Amino acid sequence: MAREIGEVILDLRNISLRFGGVKALTDISFDVRDHEIRAIIGPNGAGKSSMLNVINGVYRPQEGEIIFHGEHRRDMDTHEASAAGIARTFQNIALFKGMSVLDNLMTGRNLKIKTNFLQQALWWGPAQREEIEHRKKVEEVIDFLEIEHIRKTPVGRLPYGLQKRVELGRALAAEPKMLLLDEPMAGMNVEEKQDMCRFVLDVNDQFGTTIVLIEHDMGVVMDISDRVVVLDYGKKIGDGTPDEVKNNPEVISAYLGTQH
Amino acid sequence: MAVTPSGESLDTFPRLLMHHARVRGARPAMREKDLGIWQTWSWSQVAEETQAFASGLAQLGFLRGDRLAIIGDNRPHLYGSMLSAQMLGGIPVPMYQDAVAAEMLFVLQDAGIHIAFVEDQEQVDKLLEIKDQCPELLHIVYDDPRGLNHYTQPFLHSFDEIVAAGRIRNQNQPEFIAAEIAQGRTDDVSVMLYTSGTTGKPKGVCQSHHAFIASARGGAEFDGLRDTDDILSYLPMAWVGDHLFSIAQAIYAGFTVNCPESGDTVLTDLREIGPTYYFAPPRVFENMLTQVMIRMEDAGAIKRGMFHYFMDVAKRCGAEILDGKPVSASDRLLYALGNLLVYGPLRNVLGMTRIRVAYTAGAAIGPDLCRFYRSIGINLKQLYGQTETCAYVGLQPDREIKFDSVGKPAPGVEIKIADNGEILVKGPMLLTEYYKRPDATAESINADGYFMTGDAGFLDHDGHLKIIDRAKDVGKLSGGAMFAPNYIENKLKFFQYIKEAVCFGHDRDMVCAFINIDMGAVGNWAERRNIAYSGYTDLACKPAVLELIGDCVAKVNAELAAEELTADTQIHRFLVLHKELDPDDDELTRTRKVRRGFIADKYAVLVEALYTGKPTQFIETEVKFEDGRRGKVAADLVIRDVPTYDAQGKRAA
Amino acid sequence: MFYRETGQFKTSYAADQQFFPIRQDRIGIALLLLVAFVGVPLFATDYWFSAILIPFLIFSLAALGLNILTGYAGQLSLGSAAFMAVGAFGAYNFILRVPGMPVIPAFLLGGLCAAAVGILFGLPSLRIKGFYLAVATLAAQFFVVWALTKFGWFSNYSSSGVITAQDISVFGYGVDSPMEKYLLTLVIVAVMAVLAKNLVRSNTGRSWMAVRDMDVAAEVIGIPLMKTKLLAFAVSSFYCGVAGAMAAYCYLGTVEPDYFTLDLSFKILFMIIIGGVGSILGAFLGSGFIVLLPIFLNITVHPLFSLLGLDVSTAVASNLELMVFGGLIIFFLAVEPHGLARLWQIAKEKLRIWPFPH
Amino acid sequence: MPFSMNFFFEVLIGGLLSGVMYSLVALGFVLIYKASGVFNFAQGAMVYFAALTFAGIVDAGAPLWLAFILAFLAMVVLGVLTERIVLRPLVNQPQITLFMATIGLAFFIEGVAQISWGASTRRIDLGIQDEPIAWLMDNYNLNVSTFDLVAALIAGMLVGLLALFFQKTKVGRALRAVADDHQAAMSIGIPLQHIWAIIWTVAGFVALVAGMLWGARNGAQFALTYVALKALPVLILGGFTSIPGAIVGGLIIGSTEKLAEVFFGPYVGGGIENWFPYVLALLFLLVRPEGLFGEKHIDRV
């Protein structure tokens, strides 16, 4: 049973983003289809992270239009994005350092919590039932990512590779429809990378999650992604299947650093 | 034989199970650490689920007398499936889960497996790899569906699917399973366990319900096992010991079987569950002691001093107190204090607080090791048996512990020593036959109905059985002295720094040895001395390490010298091997016994060097890595001479 | 050493998530409660109740409130005393002006008034962080005390601005003696500590900590920053408010707005720094420490100085106290930023793996 | 009260002049904040300590110049000790932790000051008349004190001196480098610890001047520590890292609080200058969190 890539669910049109006078993104258009793995690549400072930040509303572009599930909008809002099932990880791990792995993952489910703080203060009753129900879901994520042994460890004490995995776990705990991964394999050794690749593919495969990822390791990108968009200095210079992108002269020159 | 009020005798495992479901249906039968908590199955749940799975299996075409292959880690569903197979009059065939596909092939073919129940994707993949060579294998059922949802083979089924089908069938035919159970006879084969076989192809040992129930009853009554007991099941299900403890005794006595979360978490899970009944091979106890000593090395001076002081107290009187022997009041007081400060907490961190009975078997355990555990209040005992005897021949009775014996003959077991020293046994626990191997069956049971264990030993004047070695391994030095390599190897392995040892000497003029250092203990030792090393091979070649091991060997020599029988078999020369002996390289059996003959052939050049007096020898060996890749390990090994002693303990050479 | 956890396994999430998952802790806390509810009333003197136990409990509650805001939600506040003042004057006016107002609801209403003020001054937290926020809470500190002083209505036009707590009774029983006041305080503090613990172990607490640890990430996973921060301000101020009301009714008897100075706010801040930021236990440890320290200094410094032939004036003693407080704060921040609670936690970890060192 | 332009100006000028004093205290904050990222809550305690020390030495019979030098030496010792005992163990801690540490430091210094010199108010006489300037009084009917004007001039000179120090001296340039980038500063070969010690000493000097002036005006008393609290809104207005910001902020706070007190206070019972600056700062924060002269900070994720 092969994975079926569906319709376009996210369409970014002519996005431009500036910080003061600095142009981070210039007139970028690209789309994401349901269930696909979409990679964003490009040299450092190409605007890849900014792109993700535009998708989930951390940054608001000055120009352009975002069409999400057929709905036209000027920009996204972080809260709307998370409510619409967009979860993400960050380039520099953004875990909650003072909390355990379990609690970090539980925060991923905050949008699904129905009890209010008064019920939670009383605990026994609805809040406890809800807590247990979400704990079960989170335990499944823990099982999926094979991090049982660190369940109750404060994340600050974990090595880098495991922190990355926990951060993915926090995103997965939200049962996202779309997952934005900002360099999920950066700084990992070969074995950790293999594990992470397997998890990304499994997430995509088992839960049908659409994945947009930024990655530097070309081998990984070419192996796992369905389509690749290439950015350079905030501009889009290539878009297509891994093979198409690999043979795109502009992409080659950007990567080899030759003059335009 | 126990009989239910309705007059039904409890002479098969399915009948025992149904009995527990009736009598203690709500009590926990099995637990498994999964998703962060100990998921629990009560006896009635287990009965219901195993019946459903049995019906599902029947639906797949599983017939009376069929063999069900079971491959995976210790999981409740896998244990349950044994009972499901037995309900239908079938025979579960648990297999070693860490075997590679090619190794599984033989058993699958030999046992004529139609249906295999496996744990997960990893095992499914292995079976798919060899399925073409097993035309009889018709169905594969898996427990954990993870990663398998794209497998489209029609012969693959999930556990849930089979159970669901079975439930429907049980609703439609409520009497089906009961009728099947009623058809079972106590002499039916209840399980087939393949002996790992130190030589030749594995043989399927057929054991009847009667044999295992008799063994279980004997053991349970001997140690007073109750339904409130807990056991942690983490040893391979294909091993007879696990079958005796986790299936036969558990189903007989009705206690709870606890399955760890994974192989990596056994120690954590041990601490959590705190079993009351525990089994581990000697190497586990050895590793645990090594860890204790290593961890205490890092403690502050005061705490370390306190620890050693009270360990000395324990050494002096701990085992005696456990055995109820007379001990002076002051020692009792000190021991009580030590119990508060050291032994109690130590048992706690080891997860052994609740242990009433702990057993070890599979290899000889060093007397000091045994004494250590007993002295801190853990009732560690030895037992002796083989796959062919349901792991049930000799048991150490409480309060009658001799560290160098494997106990007295178990209830119902008759022991005789043959003229050549071989131990012969007779009793209800004997195997029915070797599967499809009448020749081997005939060879192993003599005309009087005794099973020939292949071990050499003797009964002492108190009736305790003492094992010397494998009967065929007991050799002679060319000078005529008896040479029991295992005996010497075990002495060597008692040192925390030595993980494995292989001794040579049969038909030669002296004893020489290969040593494997213990990476954890020696590594730690090296680090504390600022000796840098890059890996096992590097560490093994360090002169300081050789010095360290040399001291250990010399101490063994001193011990050997003290006994008349062994004084001539002191170790003259040894070397530290450049790689760890590994079951994957066929150097050890799956139960981690050394294959001495194989090793002697493989490293003939090293043996040669030992006996020709060469100071060093170059060696290169191919190894298999965990991921299946192959590589080479090479080193220039230094061979060292060791001082030997005369009977007075004076240095002889 | 005394933690023997072997065999304490959990077969349900409810058991895994309970207050004290370790049996020895449950026994310990049960003993502690037994001592607090039965042992202490049997043996303590009035001096112990009025000078040590009641203020200890009340400051614990205030510290708990501040710890919710600062320790859990990461919002620094220098205005705890102001919220206590609102609670005290709020409860006073409810009892004064609503005929038949029972005392516990009055405390709670006082707390709610404080919560409302807390939300108001917490509003800037949506745009500013760290010590910028300290300014907002300083504003609350000065404004509230000023308003309570300047507007006579709050103190029922008492000429000196001092209010005298009315006699109180709970379910018809008069609460007059120090022991009765102690028991009332103990019940309220115990219940509120339980509620606080429940909050911090559920989604509310996790959201607070998420905002504290990394607000951008918290926002991205859907935690509403505004609601979360304001809730922290509200709950925190509520706790401080109830503590203030109890300070007026169970501890001081008569209060004026100037009791709730910036110094009191600092004192509460010190409690959580010394006791442990982000820990319920820390609030109690810190409060105990700060309540007992002056007493300890008093009984140690005087003999020490008279031994040296020096006479210690009260002024010197109080300055010594200032220095010790200041020094301890720096010491704890440098050496153990998580305070006594962390020291206890470390000790407990050690005991759990005894005799092993790690 | 009838609104009189003249009175308004009088209040304004009075406010501006006391604003200069706020600026002076705020300056100490800015120096330390720029160099070490520490928000030094103890600045007020330092002012108090400096004033009390100066007054104490003068009272003991020393001439003003000697008292000034001795008090300055005391501030140097205080600065160096602070660097050693407080800052160094706390290096790399979050700002908020450092902030709380300086609260502890403030308590400690206050305790030391009062144990050393007693808690009673000491008068400081710098020999400057606190009388209205006759010329302004005569020609414009404005009541402006000579003392305030002189104090303002001294404060202005101090700011000028600091500017020179930062621009022209090697140490000053190093200090600016530290403010911009700790790594860069270390690479030019100046130990960070030395720089911190110097900065704390400079801040101590500023505190001494402020303490002398405030003390001469109102006496060296505990209330001086609260002056430091006023510096907080000043900094919020001016921006935490800007010396001109501290000046302008001080002037704004000084003048508006006086104006508010005089023209608005009576309607609500007076005493509003206690909280008015904070509320003003708070409102300002909501509009422009980075302050008038501060740098806008963008969170990068």
Side-chain angles (χ1 to χ4, degrees), chain C residues 70 74-76 78 121 123-124 126-147 149-152 214-217 219-220 262-263 266 269-270 272-273 277 313 315-316 318-335 337, chain D residues 39 41-42 45 82 85-91 93-116 118-120 226 229 232-233 235-236 240 268-283 285-287 289 291 299-301:
Chain C
T70 304
Q75 312 294 309
L76 180 62
L78 300 179
F121 283 96
L123 281 172
L126 307 178
R127 293 214 52 182
I128 53 178
K129 300 182 200 173
F131 39 69
Y132 285 80
L133 190 61
V135 173
T137 53
L138 270 181
Q141 175 66 52
F142 290 119
F143 181 82
V144 166
V145 174
W146 172 82
T149 315
K150 287 297 165 188
F151 298 99
M214 184 142 314
D215 52 357
V216 181
E219 199 175 7
V220 163
L262 185 61
D263 275 352
F266 280 148
L269 181 65
F270 287 1
I272 70 167
I273 294 174
V277 175
S313 67
V316 170
S318 72
N319 281 318
L320 262 179
E321 205 178 293
L322 273 183
M323 287 173 63
V324 172
F325 274 150
L328 277 172
I329 290 301
I330 296 169
F331 174 79
F332 269 98
L333 287 172
V335 177
Chain D
F39 184 90
F41 196 84
T82 302
I85 297 169
V86 184
L87 288 184
R88 223 179 270 184
L90 285 169
V91 72
Q93 294 282 351
Q95 282 194 334
I96 203 96
T97 306
L98 286 160
F99 172 61
M100 292 194 277
T102 62
I103 298 180
L105 180 63
F107 270 60
F108 190 82
I109 294 177
E110 284 161 17
V112 172
Q114 297 191 35
I115 284 189
S116 316
S120 54
Y226 294 114
L229 294 177
L232 263 164
L235 292 169
I236 284 176
F240 276 75
V268 289
I272 64 171
E273 58 184 327
N274 276 338
W275 55 264
F276 181 81
Y278 298 100
V279 175
L280 184 72
L282 203 52
L283 295 173
L285 265 179
L286 297 180
V287 185
D299 272 333
R300 285 200 61 89
V301 285

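Protein chains get the first letters and strands the later ones, always in sequence-line order, with residue 1 at the start of each. Small disclaimer: the values here were computed from a predicted structure and weren't measured.
For C:L269, the part lying under 4.5 angstrom from a heavy atom of chain D is the side chain only. Contacts between D:Q93 and chain C at a heavy-atom distance below 4.5 Å involve the side chain alone, from C-beta outward. C:F270 touches chain D through its side chain: at least one heavy atom from C-beta onward sits under 4.5 Å away, while N, CA, C and O do not. Both the backbone and the side chain of D:L105 come within contact range of chain C, with heavy atoms under 4.5 Å apart. Interface residue C:A134: only side-chain heavy atoms are found under 4.5 Å from chain D. Heavy-atom distances place the side chain of C:F151, and not its backbone, under 4.5 Å from chain D. Proximity to chain C is absent for every atom of D:F276, based on heavy atoms less than 4.5 angstrom apart. At a 4.5 Å heavy-atom cutoff, the contact between D:I272 and chain C is made by backbone and side-chain atoms alike. Only the side chain of C:L262 comes within contact range of chain D, judged by heavy atoms closer than 4.5 Å.
Note: C:F142 and D:Y278 have parallel aromatic rings, judged against thresholds of 30 and 60 degrees for the angle between ring planes.
With rounding to the nearest 0.5 Å, the separation of CG in C:L322 from CD in D:E110 is 6.5 Å. Between the CG atom in D:L229 and the CG atom in C:L138 there is a gap of 6.0 Å [rounded to 0.5 Å]. Within the model, atoms CD1 of C:I329 and OG1 of D:T97 stand 12.0 Å from one another, a figure rounded to the nearest 0.5 Å. Between atom CG of residue D:L282 and atom OG1 of residue C:T137 there is a gap of 9.5 Å, rounded to the nearest 0.5 Å. Note that CZ of D:F107 and CZ of C:F266 are 6.0 Å apart. Values are rounded to the nearest 0.5 Å.
Using a 4.5 Å cut-off on side-chain heavy atoms (C-beta onward), D:I103 and C:L78 make contact. Side-chain contact between D:N274 and C:V145: absent, with no pair of heavy atoms (C-beta onward) separated by less than 4.5 Å.
Nearest heavy atoms, D:M100 versus C:L333: C-CD1, 3.6 Å. In terms of heavy-atom proximity, C:V135 sits nearest to D:A281 at CG1-CB, 4.3 Å.
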